[in-house]
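The structure appears below as structure tokens.
Lettering follows sequence order; numbering is per chain, from 1.
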There are 4 protein chains.
Amino acid sequence: MGTPQQEPQSQAQPRRSDTRRRIQQVALELFAEQGYEKTSLREIAERLDVTKAALYYHFKTKEDILSSIAEDLARPMRELIAWAEGQPHSLATKQEILRRYSDILWGSVDLFRFIQENQATVRELTVGENFRSSMKALGELIKDPSAPIAAQVRSVTALFSMHAGMFVTQNVEGDPEEKRAAILEVALDLVAQAETSVLTG
Amino acid sequence: MGTPQQEPQSQAQPRRSDTRRRIQQVALELFAEQGYEKTSLREIAERLDVTKAALYYHFKTKEDILSSIAEDLARPMRELIAWAEGQPHSLATKQEILRRYSDILWGSVDLFRFIQENQATVRELTVGENFRSSMKALGELIKDPSAPIAAQVRSVTALFSMHAGMFVTQNVEGDPEEKRAAILEVALDLVAQAETSVLTG
Amino acid sequence: MGTPQQEPQSQAQPRRSDTRRRIQQVALELFAEQGYEKTSLREIAERLDVTKAALYYHFKTKEDILSSIAEDLARPMRELIAWAEGQPHSLATKQEILRRYSDILWGSVDLFRFIQENQATVRELTVGENFRSSMKALGELIKDPSAPIAAQVRSVTALFSMHAGMFVTQNVEGDPEEKRAAILEVALDLVAQAETSVLTG
Amino acid sequence: MGTPQQEPQSQAQPRRSDTRRRIQQVALELFAEQGYEKTSLREIAERLDVTKAALYYHFKTKEDILSSIAEDLARPMRELIAWAEGQPHSLATKQEILRRYSDILWGSVDLFRFIQENQATVRELTVGENFRSSMKALGELIKDPSAPIAAQVRSVTALFSMHAGMFVTQNVEGDPEEKRAAILEVALDLVAQAETSVLTG
DNA sequence: GATGAATGAGGGTTCATTCAT
DNA sequence: TATGAATGAACCCTCATTCAT
């Protein structure tokens, strides 16, 4: 061939140029800072001190840069969903989903924030579609469609409360780890209450 | 020249052109549908069957169109905050804040959704700054800075859970009003639990 | 609306800017001189002392500029075909087709030359498709499908010999009108011979 | 370095890479299909499953690829002209020119078609210049400058009628060989008539 | 209360070409 | 005999905005 574009990812590459990685890094920084649309390829290139054309050696399009970055989030999401689909629909499973989801979120916090803040843009990009369908799948796994609406809302809210948590972080002082734990705890409570309310309601 | 641009707002106007209103309508539609950046003035003008220049007769800039629309949300927010600042920091007040906030949100649901989905874009627009500072103010009013972090997170989550609720709506079936009530209920519970956990914790 | 783009063409316009016409003129000049692909919008704009964006006020795309120019050739071609379809398939008709075709060709000689020299390019443009299908239609009208192949070839060659004639012009000296007449005469002879050869063959 | 680029052409080559040949093949295919300008070196390289840089090992420039291909047509043309220049300017010679020219054309039909359809592009390439001057030379050899204009036009038309024939082919059904013969016959007739008209005119 | 005509800046993308390895 | 990585120039096109009428 000639152009790379599909990361071989095989073990122990003979020290392939790290430009690709650097592009992804800088792009994510700028996308997160200014938004996807407002970040031009010129800016990315300038910050890397290469030409725009160099970006096109490594990626087919602007969207392709984003897609490649988003894999960091998409892959663990797919794995989480695959795992959850093999488990019983118990409270324990649901809580484990939340715990793992929390890990994923905080593991790619910049990327995740970016997606949240650029939903309108990302919506018709592959990245956005994937993310939406993942969230939908997670939603189905965490709620009980035969439960009362209040319970269902509570369950799904548990999931999204963790998104909110990430934005809330800035307004509440304290140790990050502690906050993160608190956010997860709130979410865990919510699914638990959803289950209880079904029984008692 | 005699361009208007600042709405006189007086009561017995001699039937001022409704074009201004139509622009706002169509603009919100398109902004919500495609995002702010991806919506061009050309599109807005075309859908209204006027020229781009006509838009500039009614509004100074593209941002100005958005600002004028956003007042529908900003005004009630300011009013809510002003009201809340005159109340005691009791649980009853906090719950009333949530109730009123819920009304505001559902009263401008399209606009609100738009802001959520275009955060990266509106962030450095007046609209976005206003919204952020309003949310911050509401946050301060609903949480107790002397409470344990877990309690603070719970309170703030109550607020944001209602945002999440709006996006969750689509994934849960049932009567809209019922869902709306359920979402509010979850939020009310959360502040209540925040208070309790302080006492018992 | 706002943008023109569809020529109103109505009688006695209140002196609409002639920029549109000037763009077409200059574009044809450059297209003919250098080819369609090799002529950039920058060049056209520069020669007119306007910006590239101005071109886009008057035409939707680069291809649209060409299409608008090509109408000068396409319209008479359509008319010729329409006329011929209403006539008997006699030798007289065929010869009249050639005479009219000659007039059309020499009436838009630059445009025609351009299309000939840029066939590979215009092939997948609307302009090219139209032209090809027009030529095909003329071909059908001038040849007799039941005649021997030699006769058919002779007829169709009559048509194309006039194209060749335009390029040959440069290599033969003499009064242009005289040459033009000679070219037409050769073509007229060819259809006549096609008819005769059928009878005698 | 040891780049080849000038074909050694010696007879007992130790099996020099056939990549060069494959590049020419694929390039001609694509040039003919899409035009010279619209065919990028990337495409050629991709179709061959090599890198663009590989093309530059075998050829100095894009134009060089074309030039090397065009030799297939240019060489026989030079030979034909050289031969004809040594012959008397008789009708028999002219008819033999046409016969040989027909052979050349049909022997490199794809290449010839390509040149015809990309005249605007090749015009300022060496390839185009060569072809134009060859045609001019052939024109001089086939027409009699002292004959009346009508006769000269007829002679030159004979030559070009064979070009037209190649495009006409598609619109007339029948055995290819038969059509080819018919086209040549028409051309032969035309030179013959040119001679006659001089005598009788 | 608008339109017609235009601009300047910038967007993403593609190209032929180079050169060290 | 090639490849990997990159460049510089140019491309078509779109945008928000302006201003005389």
Side-chain angles (χ1 to χ4, degrees), chain A residues 1-4 14 16-20 37-45 48-65, chain B residues 1-4 16-17 19-20 37-45 50-65, chain C residues 1-4 14 16-20 37-45 48-65, chain D residues 1-4 16-17 19-20 37-45 50-65:
Chain A
M1 296 280 166
T3 52
R16 273 251 268 95
S17 111
D18 66 328
T19 305
R20 194 187 153 89
E37 314 250 27
K38 297 231 298 253
T39 300
S40 68
L41 296 185
R42 183 182 46 71
E43 278 176 293
I44 297 176
L48 285 164
D49 210 51
V50 296
T51 59
K52 271 190 290 172
L55 306 184
Y56 278 91
Y57 176 72
H58 293 281
F59 299 94
K60 264 209 302 285
T61 62
K62 185 184 182 187
E63 183 179 351
D64 197 37
I65 299 181
Chain B
M1 352 215 153
T3 51
R16 277 254 270 93
S17 108
T19 302
R20 194 185 152 88
E37 314 251 27
K38 297 229 299 248
T39 301
S40 69
L41 295 187
R42 181 181 49 69
E43 277 177 293
I44 298 176
V50 296
T51 57
K52 271 185 291 176
L55 305 183
Y56 279 90
Y57 175 76
H58 293 283
F59 298 95
K60 263 209 308 284
T61 63
K62 186 185 181 185
E63 183 179 350
D64 198 36
I65 299 181
Chain C
M1 298 285 164
T3 50
R16 272 252 264 99
S17 112
D18 66 328
T19 304
R20 194 186 152 88
E37 316 250 28
K38 296 233 296 257
T39 301
S40 69
L41 296 186
R42 182 180 48 70
E43 277 176 294
I44 298 176
L48 285 165
D49 209 52
V50 294
T51 60
K52 270 188 290 171
L55 306 184
Y56 280 92
Y57 175 73
H58 294 282
F59 299 94
K60 267 211 299 287
T61 62
K62 185 184 180 184
E63 183 180 350
D64 197 37
I65 298 180
Chain D
M1 354 215 153
T3 52
R16 278 252 272 94
S17 107
T19 303
R20 193 186 152 88
E37 313 251 27
K38 297 231 300 251
T39 300
S40 68
L41 296 187
R42 181 181 47 70
E43 277 177 293
I44 297 176
V50 297
T51 58
K52 269 184 292 174
L55 305 183
Y56 280 90
Y57 175 76
H58 293 283
F59 298 94
K60 263 209 310 285
T61 63
K62 186 184 180 186
E63 182 178 350
D64 197 37
I65 298 180

Dot-bracket pairing map - DNA chain E, Watson-Crick plus G-U, both contacts under 3.5 Å, | cross-strand: .||||||||||||||||||||
Where protein sits on nucleotides 14-21 of chain E, one letter per nucleotide: B base, S sugar-phosphate only, - none, heavy atoms under 4.0 Å: BBBBBB--
Report the distance from atom OH of D:Tyr57 to atom CZ of D:Arg20, rounding to the nearest 0.5 Å. 11.0 Å
For A:His58 and F:dA6, is the shortest distance between a side-chain N/O and OP1 or OP2 below 4.0 Å? yes
CG/B:Leu41 to CD1/B:Ile65 distance, rounded to the nearest 0.5 angstrom? 5.5 Å
May I ask you to verify if any side-chain N or O of C:Thr19 is less than 4.0 angstrom from the OP1 or OP2 atom of E:dA5? no
Measuring to OP1 and OP2 of F:dA5, would you say a side-chain N or O of A:Tyr57 lies under 4.0 angstrom away? yes
For D:Thr51 and F:dG4, is the shortest distance between a side-chain N/O and OP1 or OP2 below 4.0 Å? no
Taking CD1 from A:Ile44 and P from E:dG12, how many angstroms apart are they, rounded to a whole number? 8 Å
So which atom in C:Lys38 and which in C:Glu43 form the shortest heavy-atom distance, rounded to 0.1 Å? O-OE1, 3.4 Å
Take atom CD1 of A:Ile65 and atom C1' of E:dG12, then tell me their distance rounded to the nearest Å. 11 Å
My understanding is that only residues two or more places apart in sequence, or in another chain, count here; which of them pass side chain to side chain contact (heavy atoms under 4.5 Å, CB included) with C:Ala54? C:Val50, C:Thr51
What is the distance from atom OG1 of C:Thr19 to atom CG of C:Leu48, rounded to the nearest 0.5 Å? 8.0 Å
For D:Lys62, give me all partners under side-chain hydrogen bond (donor to acceptor under 3.5 Å, both in side chains), at least two apart in sequence or on another chain. none
Separation of F:dA5 atom C1' from A:Asp18 atom CG, nearest Å, is 12 Å
